[in-house]
Structures are given as structure tokens and as C-alpha cells.
Amino acid sequence: SSLLEVTGGLEYLKKELRKIDLDGYELSLAPCQSGHISSHRFSVQDSDSEKRVFQFESIADKVKGSFLKDGIKNNIISIYQSLYEAEKKVHGSGHVHFEQIGEIDSIIDIASACILIDKLGSPGILYSCIPFGEKVAPATALMLKLQNTYFSKHSFENITPTGIAIVTTLGKQVDEKTGDSFSVEEVGYGIGSVDANDLQNVLRVVVLKKCERYEPKFQYCQKAKL
């Protein structure tokens, strides 16, 4: 929902998602509060009575056969490829069986992120230090390799496998020493599914425009000798 806030593209998103041969799900964007942040929670409900789980090959086939832009298709498949490789290393077998990351809500979450990033003009994605909570999925922990993290001490997932796969596949981690200057164009918040009393469970997206580097020019005067 943070990306929806900066694009205003809910109807656009629904239209684009219909280009994928997936049905039997419903989208909702509900206003809610986390701490003192008021925003929305985006969710996907599978309306099928039996839980559907799609495997990597099936997901890739549906994306390739969709009417989405090639760039969006490539990003979705790249993200799922990252998830596939992580699951393969974690379970140590040639065959990877998707469970939660193959459910309809995960597919729609990833596709939605790629669609809305494309709507922004496919910008470069920068992300900050990643929180490492007490409950971290094995694939998430593996994809955090070489990433800057900090221990949040919270008892839930601070970042999900789909979340870490999106940012590490499409983005670049930076810190306060990046040295670049930006102007803030838009700010959007999305509220997570866990209601935590002791923190704001939100994801903030900031649309930045890079500024030209300012190089001050000084004129130095030599002190006259008297």
C-alpha cells in the first residue's frame, strides 16, 4: 500500500493484474492505524475454498504468458528466481516445493510491486538497513547474506521472504554515507499485517529526485605581509 500511496494507482493495478491468467482472489485496501501513523493495509484474499499453491515453473509460465510489459515480467520472474534459489539452498534438494511463497497472495504481492514500480518509471531502488526479528524464515535469513542488518528484538517477521526478495533483487542497499543529494517528491506508508503495541509496523516509500552535486567554490586571499 505504500507504493499505492505514491502512485494513486489502485484501479490501474487491478487492470494490470487482470493481464495475468489468475482469478479467484480479491483485493482490499483498508484504512488503519499503526502507532501515530494513519495509512492503509493492502491485502489479497484467495476466494477459492481450497488453498492454492503454485510452483515456480507454473508461476513463470503464467507470467511469461501474460500481457504485462516485458520489463515487469522479467522483474517478477527474477524475484521468484531469487526465492527459488534460496529455498533450494535451504532445503538442500534438487526439487523445491513452494508453500507460502507460492500462494496467490504472494504472487499478487510481488506482481503488484513490480507493476507499481514500473508505473513510477522503473526508478533505481535504494533501501536502508534491514531489521532482523526473532522469527526469520530460513530463506529470508539466507537472502540477508551480505546485507546490513540490525536486531530488532521483535517476536514477528520484520521482513518476509517476498519482501527481502523484492528489495535485494531490484534494489541497492545504501546508508547515510551515500554522498548523494535528493529532493523528496512523494512519501507513502503501508501498514503491516501484525498489530504491534510497542512500535509502528509500517513500510515507508519515499520517491526521490537526485539533485546535482553542489560544489562550492571558494576564493582564497593571501594575507599581505606588512
Side-chain angles (χ1 to χ4, degrees), residues 1-22 25 27-29 39-44 54 56 59-60 62-86 101-131 139-140 143-144 147-148 158-175 178 180 182-193 202-211:
S1 56
S2 52
L3 282 171
L4 283 170
E5 282 204 351
V6 296
T7 61
L10 181 58
E11 293 308 314
Y12 174 83
L13 175 62
K14 290 179 178 179
K15 177 175 68 71
E16 290 296 299
L17 287 172
R18 285 195 289 269
K19 295 180 179 180
I20 309 173
D21 182 21
L22 285 172
Y25 65 89
L27 305 182
S28 65
L29 187 64
S39 185
H40 294 81
R41 179 175 292 154
F42 176 76
S43 59
V44 184
F54 297 86
F56 175 67
I59 295 168
K62 284 185 176 294
V63 173
K64 290 176 183 177
S66 73
F67 295 97
L68 293 168
K69 293 180 183 178
D70 287 343
I72 299 174
K73 292 181 184 181
N74 293 338
N75 283 344
I76 297 171
I77 293 172
S78 295
I79 291 166
Y80 262 107
Q81 184 71 50
S82 297
L83 287 165
Y84 179 85
E85 294 299 331
I101 59 174
E103 293 178 10
I104 193 78
D105 59 335
S106 294
I107 299 171
I108 296 300
D109 280 345
I110 290 173
S112 296
C114 294
I115 288 167
L116 294 175
I117 289 168
D118 176 80
K119 192 174 190 296
L120 286 169
S122 297
I125 298 172
L126 307 177
Y127 60 95
S128 58
C129 191
I130 297 171
T140 302
M143 285 186 285
L144 283 170
Q147 301 292 316
N148 292 329
N158 284 121
I159 187 164
T160 62
T162 53
I164 189 66
I166 290 169
V167 296
T168 57
T169 302
L170 304 184
K172 174 184 177 182
Q173 191 174 53
V174 294
D175 57 25
T178 179
D180 292 324
F182 301 91
S183 62
V184 176
E185 304 290 301
E186 299 282 351
V187 179
Y189 290 90
I191 296 180
S193 59
V202 300
L203 173 67
R204 178 169 59 195
V205 167
V206 182
V207 180
L208 302 170
K209 181 179 180 181
K210 191 171 182 179
C211 302

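Remember, it's a predicted structure, so these values are computed and weren't measured experimentally.
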Is the count of non-hydrogen atoms from other residues, nucleotides or ligands lying under 6.0 Å from K172 atom NZ greater than 12? no
Drop me the distance from L29's CG to L13's CG, to the nearest 0.5 angstrom. 9.5 Å
I need the Q147 CD to T140 OG1 distance, nearest 0.5 Å. 12.0 Å
For the pair T160 (side chain) and G163 (backbone), establish whether a donor and an acceptor sit closer than 3.5 Å, ignoring hydrogens and angles. yes
What's the spacing between L22 CG and I59 CD1 if we round to 0.5 Å? 9.0 Å
Looking only at heavy atoms, which two atoms of I20 and K62 are closest? And how far apart? CG2-O, 4.2 Å
Side chain to side chain donor-acceptor pair (under 3.5 Å) partners of Q81, counting only residues at least two apart: E85
Sorted by chain and residue number, the ring pair (Phe, Tyr, Trp, His ring centres under 6.0 Å) partners of F56 (sequence neighbours excluded) come out as Y84
Polar side chain donor-acceptor pair, T169 to S82, under 3.5 angstrom: yes
Report the residues that fulfil side chain to side chain donor-acceptor pair (under 3.5 Å) with S66, sequence neighbours left out, ordered by chain and then residue number. none
Where the side chain of R41 meets the backbone of G192, is there a donor-acceptor pair that is under 3.5 Å apart? yes
Taking all atoms of both residues into account, what is the closest heavy-atom pair of P131 and I159, and its distance? O-CG2, 4.0 Å
Would you check if L68 and I76 make a side-chain contact, meaning some heavy-atom pair closer than 4.5 Å? yes
The reported gap from OH in Y80 to OG1 in T162 (rounded to nearest 0.5 angstrom) is 7.5 Å
Polar side-chain atom of Q173 near backbone of S128 as donor-acceptor pair, under 3.5 Å: yes
What's the shortest heavy-atom distance between Y127 and V167, and which atoms? CE2-O, 3.2 Å
Taking the side chain as C-beta and beyond, is there a heavy-atom pair between V187 and R204 under 4.5 Å? yes
Taking atom types as modelled, find out whether E5 and S39 have a side-chain donor-acceptor pair closer than 3.5 angstrom. yes
Between E103 and Y25, do the side chains contain a donor N or O and an acceptor N or O under 3.5 Å apart? no
Work out which heavy atom in C211 is nearest to a heavy atom in S183; give both atom names and the distance. SG-N, 3.5 Å
Flag side-chain contact, heavy atom, 4.5 Å: L27 against K14: yes
Side-chain atoms of residues 104-126: list all donor-acceptor pairs with protein atoms under 3.5 Å, sequence neighbours left out, distances to 0.1 Å.
unit_1 : atom_1 : unit_2 : atom_2 : d
S106   : OG     : Q100   : O      : 2.9
S112   : OG     : I108   : O      : 2.7
D118   : OD2    : K69    : NZ     : 3.1

What one should report as the nearest heavy-atom pair of G190 and S1 is CA-OG, 3.0 Å
Tell me every residue that passes side chain to side chain donor-acceptor pair (under 3.5 Å) with K19, counting only those two or more places apart in sequence or in another chain. E16
How long is the gap from CD1 on I130 to CE on M143, to the nearest 0.5 Å? 10.0 Å
Taking all non-hydrogen atoms of both residues into account, name the closest pair between K64 and I77 and its distance. CG-CD1, 3.6 Å
Sequence neighbours excluded, the answer for side chain to side chain donor-acceptor pair (under 3.5 Å) partners of N75 is none
